[in-house]
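Inspection log for the structure reproduced underneath, given as structure tokens.
Keep in mind that the numbers below use all heavy atoms, side chains included, and drop hydrogens, waters and symmetry copies.
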Amino acid sequence: MTPLDYAVLFVTLLGIAAYGAWRTRDRRDLNSYLKGAGQTHWLAIGLSVMATQASAVTFLSTPGQGYESGIGFVQNYFGAPFALILICIFFLPLFRRLNVHTAYEFLGRRFDAKTRLLGAALFLFQRGIGAGITIYAPAIVLSTVMGWSLDLTIVCSGLVVIVYTVVGGSDAVSLTQRYQIGVIFAGMITAFFILLAKLPAGLTLGDALTVAGGFHKLEAVDFSIDFNKRYTFWSGILGGMFLALSYFGTDQSQVQRYLHGSSLRESRLGLMFNAVCKIPMQFFILLLGALVFVFYQFERPPVFFNQTVWNREVQHAADSKLPAIEQEFNAAHAEKQRLIQHWLDARHAGDATAEAAARAQALSAYDRSEAVRGRAKDALVAANPALDRKDSDYVFITFILHYLPHGLIGLLVAAFFAATMSSKAGELNALSSTTIVDLYRHVIRRDATDRHYVVASRCFTVFWGLVAIAFALFARMSENLIEAGNIVGSVFYGVPLALFLIAFFLRRIGGTAAFWAAVVTQALVITCYFTLSIGYLWYNFLGCAACVLLSLILQAVIGGPKPVATATA
């Protein structure tokens, strides 16, 4: 990166953060600090919800997912629109009618204090881990690629978010997220058009899509019923719906975003904005990754996309096999490139037989080049067993740094950090709100002044920010980063969702049955994740269903009708 890139990066990020802190510096009472002024427009709500969910992991890792595995990951989001519709019908009206600060207040009114605390504790645990992933994920990639200190990258980006979230509370989060998501979209769209311009002369978009499809990168839907596959149509519709239902309906980091609305209608429109835009946005990002794959079929890619690690191992290992492997990979790539060109020539000539034969030869050449890449990864791991052999998270940032003009590089890096900041700010704000409302004010200090609670809330924001930074400093992950966040959610989201569904629809189940069903089911889900090999999206459905069923059984054992709190309780 040049001084121009750094100028674009720091002016963009620090300018947005400073503006958000200045505009919301006068938040003094607890209600406005936690929920905002209550005048937020539907579009701002929609963008804030999107920004909280779409962290830097989305924009760094998802193109790598598209590059490596194709666009099938989009199935993960097929159930989201249905979930958002259900939230608009059932969850949102009740939350607004009760005028709650957190979703878990409702559990306390419907069940009892221990169930409320359990729901809050599950959220704090999994979202505390999620906040660490949010900050660690882009830091590990960007620091490695750019040669920055990993620890310094984590600490600096974390502290900036803590400052403006502490100063302005929920309104500061919503205000800054509008501009941060704008930077993100501007950067990604710019990268898309530059990528199209960088494709070889004479290669049309249709040709590029033909190549991507020929290498199985455009297989968006898999209708097979295979529980061992991570992404299928059915796991996306069912498991994805339950994941989205729990995330948007029971996760305070999202609930807090749409409680800002000036009316029920504004909040609903904000959620429907996400219902309409979520799948197209993810499809676009995955397609971007698939097109980067096409680009690297004509432009020689690195043997290993984490070039910092590759170069270090080549330089420091005297008897390294890596240079010879790289030469073999370059030769395999050249042969593959020649065969892909023959395939396209046959397609343009309208010779279907020659096209099919050339495509088969190109696929065979691709398999050979990937086998060489596999040997290169084996050699790297043999030299350094602690090394993560997956390099898909480095694909998109490598393309950006090598092929985008300066200035735009700074904009794209700013987009990644803006995504980190927007998502982390929403998480810290929600963690602080849940801690102050469901634990501190409910259990520890019941009758303090608003000023005291605002100060305490700011202290808890700092606390959770430091927890996230500490987790990021010691985190080590082997999954693709976008998958890591979804795995954590899938393991812990099913049970809280079950508590809310029981509260809404199973009116005779009491707090004791719901509480112990949730405890037992959560332990069971964690055990199953570490012992079974089914796709992780299914745990959202299985955890929710098991908790509901067990609560019915326990209530039958306990016996007796249970009184239900009304919406005005």
Quick check against the 3.5 Å criterion: does Glu68 have a side-chain atom that pairs as donor or acceptor with the backbone of Ser392?
no

Using the ring of each side chain (for Trp, its six-membered ring), is Phe10 parallel, tilted or perpendicular to Tyr6, with breaks at 30° and 60°?
parallel

Which heavy atom in Gly70 sits nearest to a heavy atom in Leu286, and how many Å separate them?
O-CD2, 4.1 Å

Could you check whether any side-chain heavy atom of Ile279 comes within less than 4.5 Å of a side-chain heavy atom of Phe78, counting everything from C-beta outward?
yes

I'd like to know if the side chain of Asn274 and the backbone of Gly46 have a donor-acceptor N/O pair within less than 3.5 Å.
yes

Would you say the side-chain atoms of Gln75 pair up with the backbone N or O of Gly240, donor to acceptor, closer than 3.5 Å?
no

Under 3.5 Å donor-acceptor, Arg373 side chain and Val303 backbone:
yes

Stepwise ring pair (Phe, Tyr, Trp, His ring centres under 6.0 Å) test for Tyr67 and Phe396
CA-CA 9 Å; Tyr67 178 98; Phe396 191 44; over 10 Å; no

For Thr190, all residues meeting side-chain hydrogen bond (donor to acceptor under 3.5 Å, both in side chains), sequence neighbours excluded
none

Sub-4.5 Å side-chain heavy-atom contact between Val211 and Lys217:
no

Given the rule in the side-chain contact (heavy atoms from CB on, under 4.5 Å) test, do Phe295 and Leu199 qualify, once you have shown the distances and angles that lead to the verdict?
CA-CA 6 Å; Phe295 173 82; Leu199 291 174; 4.1 Å; yes

For the aromatic rings, using the six-membered ring if either is Trp, is the centroid distance between Tyr366 and Phe293 under 6.0 Å?
yes

Which residues share a salt bridge (Lys or Arg N to Asp or Glu O under 4.0 Å) with Glu328, sequence neighbours left out
Arg375

Determine whether the side chains of Ser149 and Asp151 contain a donor N or O and an acceptor N or O closer than 3.5 Å.
no

Counting distance only, does the side-chain N/O of Asp351 pair as donor-acceptor with the main-chain N or O of Ala354 below 3.5 Å?
yes

Under 3.5 Å donor-acceptor, Ser432 side chain and Leu428 backbone:
no

Among Ile526, Thr527, Leu532, which residue meets the side chain to side chain contact (heavy atoms under 4.5 Å, CB included) test with Phe530?
Ile526

Contacts of Asp378 meeting side-chain hydrogen bond (donor to acceptor under 3.5 Å, both in side chains) (sequence neighbours excluded), chain-then-number -> Arg389

Flag the pair Phe284 / Phe192 as yes when their ring centroid distance falls below 6.0 Å, and as no otherwise.
yes

Evaluate the ring planes of Tyr493 and Tyr247, with Trp represented by its six-membered ring, and classify them as parallel (under 30°), tilted (30 to 60°) or perpendicular (over 60°).
tilted

